[in-house]
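Since the model is a prediction, treat every value here as computed from it, not as a measurement.
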Amino acid sequence: APKWHQNSYGAYPICKGCSVCSRDNGCVNCQPKLFLFLRRERMRQYGECLHDCPAGYYGMRSPEINMCSRCRIDNCESCFSKDFCTKCKSGFYLHKGRCFDKCPEGFAPLEDTMECGEGCEVGQWSEWGACTRRNKTCGYKWGLETRTRHIVKKPPKDTIPCPTIAESRMCKMAMRHCRRGNSGKHRSKEPKKKNKQRLRFRAQNQHSDHLASARSSQ
């Protein structure tokens, strides 16, 4: 087919923005910064030069030619690149450049934006606390130590559970015997096995008490 350069396409509006144009095939190459988009109409295909690629396509620049390429991401309506979606088809939620019919675990569906919102975010664990038993740091062989962390960002919906914010573990006391004058002058005479079982049970209760007070303070 005969070709016309930019200044001689005359009555062919299809050649707008082209650097090389054909009456039958439209634009073959575009002016700098414009993207070549191949449009299909029935059995015919012709090139157009556009500032922005249409929905379902993204602009791909190269030294030779700037092309509009089709989004290949499942259920994606508009994309930024071949592997990053910016808008999903109706009924799907956008999450990290992909489209989901249900949000991944730990994320909540935000119906107004059709995106997956962040789940519950917690801070770093604190250092382990002092090894204590009955509020004393001596007088027993075994005690409990606890560490905590705070909720930094609440989830958008209460249906998303937050991870554990307190945990306790058994610990060996640094001072088995209390010094004279210390209020904790006491030595445990309980059998070792029962002793440990009671401590584990107390750790569970202490843990659930801490969770309850943490929740009520939010």
Under-2.5 Å SG separation for cysteines C85, C79: no
Test item: S126 side-chain N/O and T148 main-chain N/O as donor-acceptor pair under 3.5 Å: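 Such a contact is found between S126 side chain and T148 backbone.
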Test log, rule side-chain contact (heavy atoms from CB on, under 4.5 Å), inputs Y140 and R176: CA-CA 5 Å; Y140 301 93; R176 177 72 186 273; 5.9 Å; no
Side chain to side chain, R147 and E127, heavy atoms closer than 4.5 Å: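 Result no, sub-4.5 Å side-chain heavy-atom pair not found.
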Min side-chain heavy-atom separation C88-N75 under 4.5 Å: no
Sidechain N-carboxylate O distance under 4.0 Å for E145, R169: yes
Can you tell me how far the [atom1] atom of [X] sits from the [atom2] atom of [Y], to the nearest 0.5 Å?
X: I151; Y: R149; atom1: CD1; atom2: CZ; result: 9.5 Å
X: M170; Y: L144; atom1: CE; atom2: CG; result: 7.5 Å
X: H150; Y: W125; atom1: NE2; atom2: CH2; result: 11.0 Å
X: K16; Y: C27; atom1: NZ; atom2: SG; result: 11.0 Å
X: M175; Y: K136; atom1: CE; atom2: NZ; result: 13.0 Å
X: S78; Y: Y58; atom1: OG; atom2: OH; result: 13.5 Å

Criterion disulfide (SG to SG under 2.5 Å) on C138 and C178, from CA distance to verdict: CA-CA 5 Å; C138 61; C178 295; 2.1 Å; yes
Would you be so kind as to tabulate the donor-acceptor pairs closer than 3.5 Å made by side chains of residues 45-54, with sequence neighbours excluded?
residue: Q45; atom: OE1; partner: R40; partner atom: NH1; Å: 3.2
residue: Q45; atom: OE1; partner: R40; partner atom: NH2; Å: 3.1
residue: Y46; atom: OH; partner: E41; partner atom: OE2; Å: 3.2
residue: E48; atom: OE1; partner: R39; partner atom: NE; Å: 2.5
residue: E48; atom: OE1; partner: R39; partner atom: NH2; Å: 2.9

Least distance between heavy atoms, M173 atom then G139 atom: SD-N, 4.4 Å
Cluster companions of F35 among Ile, Leu, Val, Met, Phe, Trp, Tyr (side-chain spacing under 4.5 Å):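 Traced through the cluster, F35 reaches no other member.
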Side-chain atoms of residues 61-73: list all donor-acceptor pairs with protein atoms under 3.5 Å, sequence neighbours left out, distances to 0.1 Å.
residue: S62; atom: OG; partner: I65; partner atom: N; Å: 3.2
residue: S62; atom: OG; partner: I65; partner atom: O; Å: 2.6
residue: N66; atom: OD1; partner: S62; partner atom: N; Å: 3.4
residue: R70; atom: NH2; partner: Y57; partner atom: OH; Å: 2.8

From CA spacing to verdict: side-chain contact (heavy atoms from CB on, under 4.5 Å), C30, L36: CA-CA 6 Å; C30 296; L36 180 64; 3.8 Å; yes
Using atom types as modelled, flag every donor-acceptor pair under 3.5 Å from a side chain in residues 89-104 to any protein atom, sequence neighbours excluded.
residue: Y93; atom: OH; partner: E111; partner atom: OE1; Å: 3.2
residue: Y93; atom: OH; partner: E111; partner atom: OE2; Å: 2.8
residue: R98; atom: NH1; partner: D83; partner atom: O; Å: 2.9

Pairs where residues 61-89 contributes a residue and the test ring pair (Phe, Tyr, Trp, His ring centres under 6.0 Å) is met, not counting sequence neighbours: none
